[in-house]
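Data first, discussion second: the structure below is written as structure tokens.
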Number of protein chains: 2
Amino acid sequence: MITICDVARHAGVATSTVSYVLTGKRPISAATRSRVLESIRVLGYHPHAGARGSATSRTNVVALAVPLREGVYVPVLMRMVTAAVTAARRHGLNVLLMTADQGVDGLRGVAGSAQADGFLVLDVEMNDERVPLLRQLAQPSVLIGQPATTAGLTCVDFDFEAAGAACVEHLADAGHRYIGFLGAPTPVYQRRTGFAHRAMVGFSAAAMRRGITSTIMPTAGDHHSVLKAVQALFRVHPSTTALVVHNEAALGWVGAGLRSLGRKVPEDVAVIAICPDGLAEQASPSFTSIRLPAEELGRRAVELLVAKLNGQTVPSLTLLEPELAERASTAGVPGRMLARRANPAVNPERVTAGRRPSRSGAGTRTLPPTPPVVPAPRT
Amino acid sequence: MITICDVARHAGVATSTVSYVLTGKRPISAATRSRVLESIRVLGYHPHAGARGSATSRTNVVALAVPLREGVYVPVLMRMVTAAVTAARRHGLNVLLMTADQGVDGLRGVAGSAQADGFLVLDVEMNDERVPLLRQLAQPSVLIGQPATTAGLTCVDFDFEAAGAACVEHLADAGHRYIGFLGAPTPVYQRRTGFAHRAMVGFSAAAMRRGITSTIMPTAGDHHSVLKAVQALFRVHPSTTALVVHNEAALGWVGAGLRSLGRKVPEDVAVIAICPDGLAEQASPSFTSIRLPAEELGRRAVELLVAKLNGQTVPSLTLLEPELAERASTAGVPGRMLARRANPAVNPERVTAGRRPSRSGAGTRTLPPTPPVVPAPRT
DNA sequence: GCGCCTCGTCGAAACGTTTCGACGACGTTA
DNA sequence: TAACGTCGTCGAAACGTTTCGACGAGGCGC
């Protein structure tokens, strides 16, 4: 192994001078600098990360905790991960990957032995067991997702609650009175995973406010489960005219499920998904969606962490605003109770149609919001 | 920060003694050991990884290079990754995640600055640009997948060639004469990704040998592409009675594609998938499959790497044998040219039916094997 | 009872960095 | 021209480990 001393000798300077050339922490004359750089090049010197860490107590590594739990949709999670890794690279940071098996203890170990300068934590539950540990850690951390309370933490999250509400608003404005919600798999809600819980709560609350009758149905991502869930939804409320889908794995099967009931998207049923743009586009017909900015979440989390590492203070909660992208799945005429026709962009009747008070005052919810239960469909 | 010296002082011993208690590299009396351990517990001491690395030139970190390239099916890759991380943990190793953006340079950097003791390399292409670098690195490495030549390397791979062949054998034995191959997305073949290339070659060669007429069709994973690909397959050879699917993302749409042609699985078309067991099971009907042991690949790779780190010599190529799991998708009566009936387990006619020589001597292949091209389907 | 070997422990020197105080040389200001 | 900064560089002391040689205390055989 070739060390900084070798370089210094080769260039005829002190080792500290080489160090200053490398770190730029003191001025070095152009002549000396170029001589040193040349020696580095010739000898093929690479600073030894461990030794540097020993001297500075900085590892230039951030740990990324990704508990791949049951029911999470891996590709979306991976978008965040790769975005985070890429962003970290730009700041000269490497990423240590920690998965399910190394839970709280794993975090404690990595933190204690100073293997990472900071922590990025994904898939956060409302009462995440990692949160108390993070609070007392020497190293800063950023959560992607929100636990029940964000005091003393730094969280970045997509505003799933607003997203759930926005779906209802959009559909209600278009005149829909019966809306179904196709959610994440049951275990996800049982764990009270932040994103799933919040989207559902936002959806339910907005439905209440708007006097919409809503039905909530969790579902696994496979063909059969989705079919059953969709059928169950329509059995409960045959007059349902719109669906909100918050389950990426299920997206592809929703169309088939509706078709099996003789209903078409968008003519008979409008669909809005909460998912990354790409997934909504490749459905057929393409789905109107509230775009889930997975990459930006990863990127922002890294930026916040870097800021904290530099001693800056950052907001304890950063919420990304939902944005709706209108596509084919809500372009139909939802039928029955709608005055509205075609051209959804400019729609003078929208307020009238959408905001009319509900008959019953408050909406009825078929299932209690927490934890939702799949009513056993007939087999 | 609390150091090994603090512990030594607290326990009334020399720092080296504490070190020996921790590493076990010299005998320590039970009395002293327990006193030291107690002090460690009381003070909450954690050895500083960087300092240790500086002293030993061992980081207890392995780097995992996962270039998430276009067209790879993320969930399967992630199974390998999590299996690898879990296995690494068992050996006291942490995992540094490197993604697409940090290609060869990233590897070189991590290796040069000694941030990892070894390398795990995924998604290997036949002429992978990382291979020459790996050969000259100071640190050992293990590839999951095979480049064109494995000399001087350590590779673990599933025997995709045998898997491709096994599909043909099984189907040919059951009497099928026209078999379609639904492959990975085109870019994957264009890159000459090892696993895709090999499976296809194995399939083609076996089809040749058995006098089977085969059609190869790459396809993207979305609904539309799969439908088009399936339709194209049957337009080329309407008499096709079996399909081999080597594309996890497409699995879910194959049934729909066939249905759109008025063909049913398994009555009209037999299907064999090359994919992890779980995916084959949740198709409907469930797919007979050659099980892709994603987890075991990850685990084995780590074990080989650990062996290399310990100075052991390991084989340059470890190939996992394909295993066929029979399920519903090949339980049908393939019709037309089959003597065979029901009960596929005990089948006296199998040899007769399967091994009968093909009419044309050698099989005809509709498309050249490398690189395959999708014949533009009518839109 | 003396020498010898083993066992357990110690002190000091590494490991490859960074960082701090110091110190010449030189240019500027009075 | 003397005093004073500033700039560039140096040497040495950290950082928190591991590791190596050495050394005292016992136990054993003779």
Side-chain angles (χ1 to χ4, degrees), chain A residues 1-37 39-40 43-61 92 109-117 138-139, chain B residues 1-37 39-40 43-61 92 109-117 138-139:
Chain A
M1 159 148 237
I2 143 126
T3 79
I4 200 174
C5 297
D6 299 328
V7 174
R9 212 168 311 131
H10 186 271
V13 297
T15 65
S16 48
T17 304
V18 178
S19 178
Y20 288 127
V21 167
L22 253 20
T23 63
K25 297 202 174 173
R26 281 201 188 173
I28 295 288
S29 71
T32 315
R33 156 175 296 111
S34 63
R35 198 147 39 90
V36 168
L37 289 177
S39 296
I40 288 179
L43 300 179
Y45 165 76
H46 282 274
H48 187 283
R52 173 173 291 174
S54 161
T56 58
S57 291
R58 272 278 212 149
T59 59
N60 289 333
V61 168
V110 170
S113 59
Q115 283 185 93
D117 297 336
Q139 293 94 335
Chain B
M1 157 146 238
I2 142 127
T3 78
I4 199 175
C5 298
D6 299 329
V7 175
R9 213 168 310 132
H10 185 271
V13 297
T15 63
S16 49
T17 304
V18 178
S19 178
Y20 289 128
V21 168
L22 254 20
T23 64
K25 297 204 175 171
R26 281 201 188 173
I28 295 288
S29 71
T32 316
R33 156 176 294 113
S34 64
R35 200 147 37 91
V36 168
L37 289 176
S39 296
I40 288 178
L43 300 179
Y45 164 76
H46 283 273
H48 187 283
R52 173 173 291 174
S54 161
T56 57
S57 290
R58 272 279 211 146
T59 59
N60 289 334
V61 168
V110 169
S113 59
Q115 283 184 91
D117 297 335
Q139 294 94 337

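We name chains A, B, ... by the order of the sequence lines, and we start the count at 1 in each one.
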May I ask you to test the Y20(A)-V36(A) pair for a side-chain heavy-atom distance under 4.5 Å? no
Roughly how many Å is it from [atom1] in [X] to [atom2] in [N], rounded to a whole number?
{"X": "R9(B)", "N": "dG11(C)", "atom1": "CZ", "atom2": "C1'", "result": "15 Å"}
{"X": "D6(A)", "N": "dG16(C)", "atom1": "CG", "atom2": "P", "result": "9 Å"}
{"X": "H48(A)", "N": "dC15(C)", "atom1": "NE2", "atom2": "P", "result": "12 Å"}
{"X": "R58(A)", "N": "dG16(D)", "atom1": "CZ", "atom2": "P", "result": "16 Å"}
{"X": "R26(B)", "N": "dT17(D)", "atom1": "CZ", "atom2": "C1'", "result": "15 Å"}
{"X": "L43(A)", "N": "dG16(C)", "atom1": "CG", "atom2": "C1'", "result": "15 Å"}
{"X": "Y20(A)", "N": "dG8(D)", "atom1": "OH", "atom2": "C1'", "result": "11 Å"}
{"X": "I4(A)", "N": "dG11(D)", "atom1": "CD1", "atom2": "C1'", "result": "14 Å"}

Do side-chain atoms of D117(A) reach the backbone of R58(A) as a donor and acceptor pair under 3.5 angstrom? no
Grab the two heavy atoms, one from M1(B) and one from H46(B), that are nearest each other, plus how far apart they are. CE-O, 4.2 Å
Contact summary for H10(A) and S39(A), nearest pair of heavy atoms: ND1-OG, 2.8 Å
Under 4.0 Å between a side-chain N/O of [X] and OP1 or OP2 of [N], yes or no?
{"X": "S29(A)", "N": "dG8(D)", "answer": "no"}
{"X": "Y45(B)", "N": "dT17(D)", "answer": "yes"}
{"X": "K25(B)", "N": "dT18(D)", "answer": "no"}
{"X": "S16(B)", "N": "dT19(D)", "answer": "no"}

Taking the nucleotide of DNA chain D with the closest heavy atom to each, which residue, T3(B) or A14(A), is nearer the 5' end?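 Residue closer to the 5' terminus by nearest nucleotide: A14(A).
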Please tell me which of A51(A) and T17(A) maps to the more 5' nucleotide of DNA chain C, matching each residue to the nucleotide holding its nearest heavy atom.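 Closer to the 5' end of DNA chain C: A51(A).
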For R26(A), which residues count as a salt bridge (charged side-chain N to carboxylate O under 4.0 Å, His left out) partner, sequence neighbours excluded? none
Nucleotide of dG16(D), dT18(C), dC10(C) approaching A55(A) most closely (side-chain heavy atoms): dT18(C)
Could you check which of dG16(D), dT19(C), dG16(C) has an atom nearest any side-chain atom of S19(A)?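 The listed nucleotide nearest to S19(A)'s side chain is dT19(C).
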Just checking T56(A): base, sugar-phosphate only, or nothing, at a heavy-atom cut-off of under 4.0 Å?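 Sugar-phosphate, backbone atoms only, no base.
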For T23(B), answer base if it contacts any base atom (sugar-phosphate contacts may also be present), sugar-phosphate if it contacts only those atoms, and nothing otherwise; contact means non-hydrogen atoms under 4.0 Å. sugar-phosphate
